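Just so we're clear, the structure is a prediction, and the values are computed from it rather than from any experiment.
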Amino acid sequence: MHQKGRNKARIIDIALQAGVSTATVDRVLNNRPGVRQKTIDKVQAAIQSLDRAEQRPRIVPTLDTDIVIDAVIAGGAGFPNEILAAELHRIARERGTTLRFAYPRRLNPFALADALEQSRKRISSGIIVQALDHPLVREKVAEIAAEGIPVVAIMTSLPGSPTIGYVGLDNRAAGRTAGYLMGRLIQQPGDVGIFLAGNAYRSHEEREIGFNTVVREEFSHLNLLSPCRGLDDPEKNYRMASELLESNADLVGIYSMGGGNRGIEKAIIESGRQDAITYIAFNLTPLTRQALINGVIDAVVHQDLARAAELAIGNLINHHTARPLSFPQVPVEIIMRENIR
């Protein structure tokens, strides 16, 4: 005779039956707040179904089509973000999930926090965010995670926040790689200009730290100038690069770790010094590719954005279907004119 409770369902069984994460099941079982009523009902229905079973059933995870993902990517930040958005859209379509986009104004933590809040209100299954390292953003991510909505940080990490993972480069290693390239490519003493969007992107801060560390430790013939904060804006970068090239005869290198590179390229070409300036940038795009071919850019530190999109969406799907999560770092790639693809 079957005894009630003899085949008590495991948390993993309940999660698979309900199509939610094991963490969500745990929250429901322990009556912790932050879980939507619709999700609570799904978990309770799964428990009842499993309790009625005479033996542990064979459970097929919920279909990916039940998952709605929000991608919150900085608007107006240039080609890398456009490529990332296209790859996210492609992967979502291939996986049969619904993907919604929001493009808050770049480097604006208030706009980013508002976009995250709108995603929360729309009952998102998960959020992919290009985060800013700002208290307002960290607090909003914490609120979202407390409601059981998983968050993945992409391209730039957000340490100390309850994301389920980060997808992107080891940005300090990427910066060190750029510094090593710069030091090896430039033999004569001189100044190096540094361009970044701003330290609100932790990725840029880490790329700057890695670059500075290697150059100062191993290439003392290079003098690093104070960073130019161009906000990923081509026009702003153009003005600053033009002024730098005009006023500094000792300039031998430029390191750009963000967007808006076409402004720097234009300034270098107009100066007539492209053969004398070693220029290293980030991310292979149609513009940086052409600049490599033309000899304006000497090397690009690249990350595979298709791989990043695949990892971000795949891990959110795995979270909801109780499959293992995996966040390997996206490899740092070095692209020069002779190995361009």
Check: With sequence neighbours excluded, what pairs up with Y255 under the ring pair (Phe, Tyr, Trp, His ring centres under 6.0 Å) test?
Finding: F211

Notebook entry, point to check: Which residue pairs pass the salt bridge (charged side-chain N to carboxylate O under 4.0 Å, His left out) test with at least one member in residues 211-220, sequence neighbours excluded?
Noted result: none

Note to self: Other members of the hydrophobic cluster containing M240, with the 4.5 Å side-chain heavy-atom rule, please.
What the structure shows: F195, L225, L244, L245, L251, I254, I264, I268, I269, I277, Y279, L284, L292, I293, V296, I297, V300, I335, I340

Checklist line | Ring geometry between Y103 and F101 (parallel below 30°, tilted from 30 to 60°, perpendicular above 60°) | finding: parallel

Margin query: Per the salt bridge (charged side-chain N to carboxylate O under 4.0 Å, His left out) rule, what does the pair list look like for residues 230-242, sequence neighbours excluded?
Written below: R106-D233

Next item on the list: Decide, yes or no, whether a salt bridge links R138 with D133 under the criterion of side-chain N to carboxylate O below 4.0 Å.
Entry: yes

Next item on the list: Provide the full list of side chain to side chain donor-acceptor pair (under 3.5 Å) pairs with a residue in residues 179-195, sequence neighbours left out, each pair given once.
Entry: D191-N223, D191-N248

Item checked: N/O donor-acceptor pair under 3.5 Å between N237 side chain and G260 backbone -> yes

Notebook entry, point to check: Going by atom types alone, do Y238 and E270 pair a side-chain donor with an acceptor below 3.5 Å?
Noted result: yes

Next item on the list: Only one of L325, V151, N318 passes side chain to side chain contact (heavy atoms under 4.5 Å, CB included) with I164; say which it is.
Entry: L325

Checklist line | Backbone N/O of R32 and side chain of N30: donor-acceptor pair under 3.5 Å | finding: no

Notebook entry, point to check: Got a sec, which residues hit side chain to side chain contact (heavy atoms under 4.5 Å, CB included) with P328, two or more places apart in sequence or on another chain?
Noted result: R307, L311, S326

Note to self: D114 vs K140, test: salt bridge (Lys or Arg N to Asp or Glu O under 4.0 Å). Steps then yes/no.
What the structure shows: CA-CA 9 Å; D114 182 64; K140 184 55 63 177; over 6 Å; no

Note to self: If the condition is side-chain hydrogen bond (donor to acceptor under 3.5 Å, both in side chains), which residues does D304 pass it with, not counting sequence neighbours?
What the structure shows: none

Notebook entry, point to check: When you check the side-chain N and O atoms of S124 and D70, is any donor under 3.5 Å from an acceptor?
Noted result: yes

Notebook entry, point to check: Does E117 pair with R120 as a salt bridge, N-O distance under 4.0 Å?
Noted result: yes

Side-chain atoms of residues 152-163: list all donor-acceptor pairs with protein atoms under 3.5 Å, sequence neighbours left out, distances to 0.1 Å.
from: T156; atom 1: OG1; to: R202; atom 2: N; distance (Å): 3.3
from: T156; atom 1: OG1; to: S203; atom 2: N; distance (Å): 2.9

Next item on the list: Identify, with sequence neighbours excluded, every residue that meets side chain to side chain contact (heavy atoms under 4.5 Å, CB included) alongside N108.
Entry: R105, F110, A111

Checklist line | Intermediate values then yes/no, side-chain contact (heavy atoms from CB on, under 4.5 Å), R122 and R100 | finding: CA-CA 10 Å; R122 291 190 296 180; R100 301 179 298 209; 3.6 Å; yes

Item checked: By side chain to side chain contact (heavy atoms under 4.5 Å, CB included) - contacts of A115 (at least two apart) -> V72, A102, P104

Next item on the list: Measure the spacing between CD of E143 and CD1 of I149 and express it to the nearest 0.5 Å.
Entry: 11.0 Å

Item checked: Short side-chain donor-acceptor distance under 3.5 Å, T321 and R323 -> yes

Next item on the list: Assess whether salt bridge (Lys or Arg N to Asp or Glu O under 4.0 Å) is satisfied between R341 and E333, documenting all intermediate values.
Entry: CA-CA 12 Å; R341 57 178 187 259; E333 300 179 45; 3.1 Å; yes

Notebook entry, point to check: Are a donor atom and an acceptor atom from the side chains of R229 and H204 found within less than 3.5 Å of each other?
Noted result: no

Checklist line | Co-members of F79 in a cluster of I, L, V, M, F, W and Y side chains, linked at under 4.5 Å | finding: L287

Next item on the list: To the nearest 0.5 angstrom, please state how far the CD1 atom of I67 sits from the CZ atom of R95.
Entry: 8.5 Å

Next item on the list: Sequence neighbours left out, what passes side-chain hydrogen bond (donor to acceptor under 3.5 Å, both in side chains) with S242? Give chain and number order.
Entry: none

